[in-house]
Amino acid sequence: IADEAFKNCKGLTGIEISQDSEVILGNRCFVGCDNLKTVYLYGDIPQWGDECFMDCEGLETVIIGSSSKSIVPRIGTRAFKNCIGLKGTSAVTIRSQVNCLGEECFADCVNLVGIPINTIIYNSLEKVEDRAFANCAALTNAFISNKYTILKSIGEYAYYNCDSLKQPSIPDSVTEIGEGCFSECDNLMYVSVYGAVEEYPKDCFKNCPKLIRTGGTAKAFSSLKRIGQNAYEGCKSLAVSANWHPGKYENLEEIGENAFKDCSSLTDIYLSETVLKVGQGAFNGCTGITALEFRSAVPPEIGIIDLNTMA
């Protein structure tokens, strides 16, 4: 299907690609088709262009694939961005093998609550790209579970501003989480990490006011080496407990600038002996901390911390 082949076709209400067929979707091939209600892509889609169904605001039902024999290597960049008619947990069904969810593929789908997942997806998805679900305000669960077996990376701002997300799990196979991945998620409470993630990067959990902890397995606690700039800034409910404590990261080497800024529920903490560097303002605004213990044999490099903003 050629680039922009059906762009802004207001009379188009449905699309069906039959099983056992193979179709290449061109860039923006159905963009802006406001009255499009159903998209049934039962065949193989070896190549998926950018913005194929973007701004199809009337779209209500999407089915991708027919069985495990169907192959969709990648759902394209901004494929369904701003498809506000996709509602609830049954609007999108994926039945094929999908290796990658492209950049912003479901971004701004503000009424999408979730996507039903099956063993085909659990065993085929390898990557969630940048901003894939950004601004999906109703989303409660999508591709964040410990059941995924080969998922390797979750991109930058992938779940940015997903205000209904509460308790995602990052599976054992994931080794990389992108910058700002869960930032601005107003109701995020717990993040369970199962695998060997070495860095919680810049803005990773920034401004998640209800976040209580980011616990996980022994592997998760032993693997983390860097907490990035502003990673937990504004997490006002983040609190020391039996399940979570900065000192439990036994191989942590670096804490970035403003990493825990304004985490007002944090109380007295210690840092493991492996910590080599603490960035400027890392604990500014932590009004519950009266003592901060460094257990390094050699004092770490410490940036300026405003003690007047602590307890």
Side-chain angles (χ1 to χ4, degrees), residues 1-118 120-121 128-140 142-143 158 160-162 164:
I1 300 176
D3 293 354
E4 301 186 357
F6 298 94
K7 179 180 178 181
N8 296 330
C9 286
K10 306 303 181 183
L12 191 65
T13 59
I15 299 164
E16 181 172 337
I17 295 174
S18 63
Q19 188 176 355
D20 299 323
S21 62
E22 182 177 288
V23 174
I24 293 174
L25 297 176
N27 296 325
R28 298 173 296 282
C29 53
F30 295 99
V31 69
C33 294
D34 292 343
N35 295 310
L36 184 65
K37 301 293 184 184
T38 59
V39 173
Y40 301 140
L41 306 176
Y42 295 123
D44 292 345
I45 306 176
Q47 185 175 330
W48 195 309
D50 294 348
E51 302 175 359
C52 291
F53 301 96
M54 187 175 77
D55 295 333
C56 292
E57 296 185 358
L59 185 61
E60 297 175 350
T61 305
V62 174
I63 298 176
I64 299 173
S66 56
S67 70
S68 61
K69 295 181 180 180
S70 303
I71 299 174
V72 179
R74 180 178 183 269
I75 294 178
T77 297
R78 294 180 288 280
F80 298 99
K81 183 176 181 180
N82 197 38
C83 290
I84 59 176
L86 295 174
K87 300 178 180 180
T89 58
S90 58
V92 179
T93 301
I94 299 177
R95 299 172 179 170
S96 65
Q97 299 180 55
V98 174
N99 303 128
C100 178
L101 297 176
E103 183 177 348
E104 296 187 87
C105 57
F106 290 99
D108 301 331
C109 292
V110 295
N111 296 307
L112 184 67
V113 175
I115 298 175
I117 306 301
N118 52 51
I120 299 170
I121 298 297
V128 177
E129 291 189 0
D130 298 349
R131 302 183 70 89
F133 295 95
N135 299 314
C136 289
L139 193 72
T140 59
F143 306 101
Y160 170 82
N161 202 32
C162 290
S164 297

Start with the C-alpha distance between W48 and V23, add both sets of side-chain angles, then the distance that settles side-chain contact (heavy atoms from CB on, under 4.5 Å), and finish with yes or no.
CA-CA 9 Å; W48 195 309; V23 174; over 6 Å; no

I'd like to know whether I75 forms a side-chain contact (heavy atoms from CB on, under 4.5 Å) with V98, so could you lay out the CA-CA distance, the side-chain angles of the two residues, the decisive distance to 0.1 Å, and finally the verdict.
CA-CA 7 Å; I75 294 178; V98 174; 4.2 Å; yes

Residues I15, L36; criterion side-chain contact (heavy atoms from CB on, under 4.5 Å); working and verdict:
CA-CA 8 Å; I15 299 164; L36 184 65; 3.7 Å; yes

Evaluate L59 against L86 for side-chain contact (heavy atoms from CB on, under 4.5 Å), listing each step before the verdict.
CA-CA 6 Å; L59 185 61; L86 295 174; 4.1 Å; yes

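With hydrogens and angles ignored, the 3.5 Å screen pairs no side-chain donor or acceptor of S21 with any backbone N or O of I17. Although no hydrogens or angles enter the test, the distance criterion places no donor-acceptor pair under 3.5 Å between the side chain of E104 and the main chain of R78. When atom types are taken as modelled, the side chain of N118 and the backbone of I94 share a donor-acceptor pair closer than 3.5 angstrom. Side chain of N27 to backbone of D50: a donor-acceptor contact under 3.5 angstrom is found. Formation of a donor-acceptor pair under 3.5 Å by the N82 side chain with backbone atoms of M54 is not found in this model. No donor-acceptor distance shorter than 3.5 angstrom exists from the side chain of S70 to the backbone of D44, with no hydrogens or angles considered.
For the pair V92 and L112, the minimum side-chain heavy-atom distance is below 4.5 Å. In this structure, the side chains of V62 and Y40 stay at 4.5 Å or more apart for every pair of heavy atoms. In this structure, S96 and I64 have side chains that are in contact, with non-hydrogen atoms separated by less than 4.5 Å. Annotation: side chain of I63 is in contact with side chain of R95 (closest heavy-atom distance under 4.5 Å). Side-chain contact check for F106 versus I115: some heavy-atom pair is nearer than 4.5 Å.
F53 pairs by the ring pair (Phe, Tyr, Trp, His ring centres under 6.0 Å) definition with F30, F80, not counting sequence neighbours.
Residues C136 and D108 share a closest heavy-atom pair of SG-N, 4.3 Å. Scanning both residues, G32 and C56, for their nearest heavy atoms gives N-SG, 4.1 Å. Nearest heavy atom pair, residue D55 against residue C83, reads N-SG, 4.5 Å. Nearest heavy-atom pair, E129 versus A158, reported as atom, atom and distance to 0.1 Å: O-CB, 4.0 Å. Nearest heavy-atom pair across N111 and I84 is ND2-O, 2.8 Å. S67 and I120 get closest at one heavy-atom pair: C-CD1, 4.1 Å.
Open room surrounds NZ on K87; 12 or fewer heavy atoms of other groups in view lie less than 6.0 Å from it. The local environment of OH in Y42 is crowded, with over 12 non-hydrogen atoms from other residues, nucleotides or ligands closer than 6.0 Å.
Between atom CZ of residue R28 and atom CD of residue E4 there is a gap of 4.5 Å, rounded to the nearest 0.5 Å. With values rounded to the nearest 0.5 angstrom, C33 atom SG is found 9.0 Å from N35 atom CG. Atom NZ of K81 and atom SG of C109 lie 10.0 Å apart (nearest 0.5 Å). Q47 contributes atom CD, which lies 11.5 Å from atom CD1 of I45 (distance to the nearest 0.5 angstrom). How far SG of C29 is from CG of D3: 8.0 Å, rounded to the nearest 0.5 Å. The distance from the CD1 atom of I117 to the OG1 atom of T93 is 9.5 Å, given to the nearest 0.5 Å.
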